Amino acid sequence: MASSEEIQTLILTTLDTQGNIENTDSLRTADGAPIPYLAVVGVLNSLASKQMVTYTTIEKDHYSLTAEGNEIADSGSHEAKVFNAVDPKQGITIAELTNLLGPSAKIGQGKAFKNKWIKKESDILIREVTSIVDLTQQDVLEIRETGTHSNPATLKDLQSRKHVEKAKLISYSVSKGPKFSLTIEKQATDLTADMLANGSWRTLTFKKYNFAGNPPQGGHLHPLMKVREEFRKIFFELGFEEMPTNKYVESSFWNFDALFQPQQHPARDAHDTFFLLAHLTLEHLVHVDPATSSNFSDMEYVNRVKEVHSHGGYGSIGYGYDWKIEEAEKLILRTHTTSVSSNMLYRLAQETKANGGVFRPAKFFSIDRVYRNETVDATHLAEFHQVEGVIADKNLTLGDLIGFMQVFFEKMGIPSIKFKPAFNPYTEPSMEIFSWHPGLEKWVELGNSGMFRPEMLGAMGLDPDVRVIAWGLGLERPTMIKYGLDNIRELLGHKVDLDMIQSNSACRLDKKMGKELVGRDAVIA
Ligand code: FB9
């Protein structure tokens with residue numbers, strides 16, 4: 001096979017003598033061999049990168065014979081073999097013919113009948129004509145010689161009979177480029193200190209970087225993580241501190257009791273919450289040791305929680321039931337990141353006590369996974385991401401919460417929101433938040449919010465005038481809306497199309513809501 005230097009010289013000298021090269025498949029090496037087009041194009045690319053030549057690609061259909069086609073070209077078509085096997089007088093039985101010709105017998109008969117060369121009387125084949133012209137053989141011979149055939153229909157027919165196969169013949173027409181010359185100027189590949197020192201970089205030509213290679217396969221952020229980054233940006237812009245949420249397993253105490261959620265509350269049974277059990281049971285199918293945690297560091301606080309649940313306090317009458325620490329010790333998969341908020345607010349109370357009662361306002365946020373043993377449907381999974389914001393300061397009011405919601409959702413590109421009274425065991429008053437979705441012409445539930453109850457904050461040791469407003473929403477819903485996905489399984493789980501992950505566009509939350517509805521209508525819960 002000719003070297004690229006040899007091919008380079010051949011192309012340059014041919015251009016020099018002929019002015020241009022009509023079709024490179026006419027090029028021959030010194031020993032007369034044609035040059036494979038892949039070798040040619042490699043050389044053409046490097047000459048073109050030096051602007052020494054320009055070239056265009058020529059694509060031509062090329063037909064070649066299959067093994068069967070070559071067999072026919074050499075020894076005649078199946079139908080001709082059949083005809084020749086039929087004795088002009090007695091004819092031949094099909095059985096004899098098959099012994100004689102093998103597979104050709106079956107294939108050839110059909111065509112010979114069609115050509116009215118032979119006919120069948122009972123099971124004897126007899127000739128209908130005295131001589132034949134084996135057009136098929138002639139056709140495949142023409143193709144073998146010329147690589148094509150004058151009659152496109154014949155090409156189609158012989159391809160369908162698997163006698164011929166088509167291939168694309170690639171070649172090039174080449175012309176001199178602006179920097180054409182017979183000598184190849186060695187191009188510098190690196191800018192060296194010497195070149196800078198001796199100034200030779202001014203006159204040298206440098207080899208262009210060939211970025212054509214496959215772009216390096218980088219990692220891809222899942223759309224959920226992109227939307228999470230958008231939320232984090234909003235919170236940081238508003239001066240919030242991120243809460244440590246790397247703890248999916250939580251004690252019922254911080255997830256429920258600290259939030260003044262009574263121990264018989266329906267959300268606290270296994271129908272809504274995943275409990276960790278020391279031993280595998282068919283019913284729960286969760287096996288993690290230990291099932292409970294009893295290392296409460298501040299039993300005084302735990303007893304204040306017990307007290308407020310059982311007998312009230314901080315202006316509350318409490319629930320009046322016998323609060324059990326065993327219930328609080330049960331380990332669960334957290335059902336909300338509010339379990340982290342309760343722990344952070346407790347620390348804030350501790351910190352205030354440590355600062356001699358000087359209270360430091362705080363703004364916390366969390367975005368992480370939570371688990372609810374709920375019925376799974378097109379928009380809900382047992383695991384989803386909760387986005388939560390908490391603001392603790394003196395004398396905050398419901399008005400502050402409403403006002404801040406407008407600020408927060410404005411930053412999400414949601415200009416108009418409205419509130420609907422709601423109920424949460426740990427906030428009073430509580431409000432669901434809705435916004436009008438122009439694309440879907442309906443009010444969309446954005447999330448929930450409220451003011452943490454004094455039973456919760458008082459037990460922690462926060463002063464009565466410290467108020468805490470909080471709100472929460474999901475991450476999945478805004479992500480599905482932004483990316484026009486209408487089933488959560490397109491976002492999470494084994495059915496996710498990885499291309500969507502790899503090609504999903506950047507996400508900007510602050511674009512006016514409703515503008516994201518491109519293509520498929522996003523389904524809103
Ligand atoms: O995300 C939700 N909806 C939503 C959010 C943003 C959005 O943005 C568009 C791009 C512009 C669109 C829709 N929801 C909350 C509402 C519903 O989807 C709801 O059906 C599902 N909710 C989840 C819980 O499901 C069991 C979303 C999740 C949710 C709900 C409430 C809270 C957190 C997450 C909370 C809270 C809370 C309340 C008081 C104090 C502290 C936290």
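Note that the structure is predicted; figures quoted are calculated from it, not measured. Whatever order the structure lists them in is the order used to number ligands and atoms, beginning at 1.
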In ligand 1, which numbered atoms sit nearer than 4.0 Å to a non-hydrogen atom of [X]?
X      : result
Arg372 : 24 (C), 26 (C)
Ile481 : 9 (C), 12 (C)
Ala470 : 40 (C), 41 (C)

**Asked** Can you list every pair that meets salt bridge (charged side-chain N to carboxylate O under 4.0 Å, His left out) and has a residue in residues 252-270, with sequence neighbours left out?
**Response**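 Qualifying pairs, neighbours excluded: Asp257-Arg268.
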Q) Is there side-chain contact between Phe409 and Ile433, with heavy atoms separated by less than 4.5 Å? A)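 Yes, side chains in contact.
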Do [X] and ligand 1 have an N or O pair less than 3.5 Å apart?
X      : answer
Gly447 : no
Glu445 : yes
Gly474 : yes

For ligand 1, indicate whether the residue Leu475 contacts it via side chain, backbone, both or neither (heavy-atom separation under 4.0 Å).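 Contact part for Leu475 vs ligand 1: neither.
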Ser430, portion touching ligand 1 at heavy-atom distance under 4.0 Å: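 Near ligand 1, Ser430 shows nothing, with every heavy atom at 4.0 Å or more.
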Checklist line | Step-by-step side chain to side chain donor-acceptor pair (under 3.5 Å) determination, Asp322 to Ser310 | finding: CA-CA 6 Å; Asp322 171 21; Ser310 313; 5.5 Å; no
### Message
Do Lys418 and Trp443 form a cation-pi contact, if we require the NZ or CZ to be under 6.0 Å from the six-membered ring centre and within 45 degrees of the ring's axis?
### Response
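Geometry flag: set, cation within 6.0 Å and 45°.
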Note to self: Holding to salt bridge (charged side-chain N to carboxylate O under 4.0 Å, His left out), I want the full list of residues that pass it with Asp61, two or more places apart in sequence or in another chain.
What the structure shows: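 Result, salt bridge (charged side-chain N to carboxylate O under 4.0 Å, His left out) vs Asp61: Lys166, Lys168.
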Determine whether the aromatic ring centres of residues Tyr301 and Trp254 are separated by less than 6.0 angstrom.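 Yes, the ring centres sit under 6.0 Å apart.
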- Query: When you check the side-chain N and O atoms of Glu388 and Thr338, is any donor under 3.5 Å from an acceptor?
  - Reply: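 A pair is found: one side chain offers a donor N or O, the other an acceptor, under 3.5 Å apart.
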task = Return the option from Tyr426, Phe434, Phe384, Phe231 holding the heavy atom at the smallest distance from atom 24 (C) of ligand 1.
result =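 Minimum heavy-atom distance to atom 24 (C) of ligand 1 goes to Phe384.
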**Study point:** Option whose closest heavy atom lies nearest to atom 42 (C) of ligand 1, chosen from His385, Glu432, Glu388, Met412
**Key:**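 The option holding the nearest heavy atom is Glu388.
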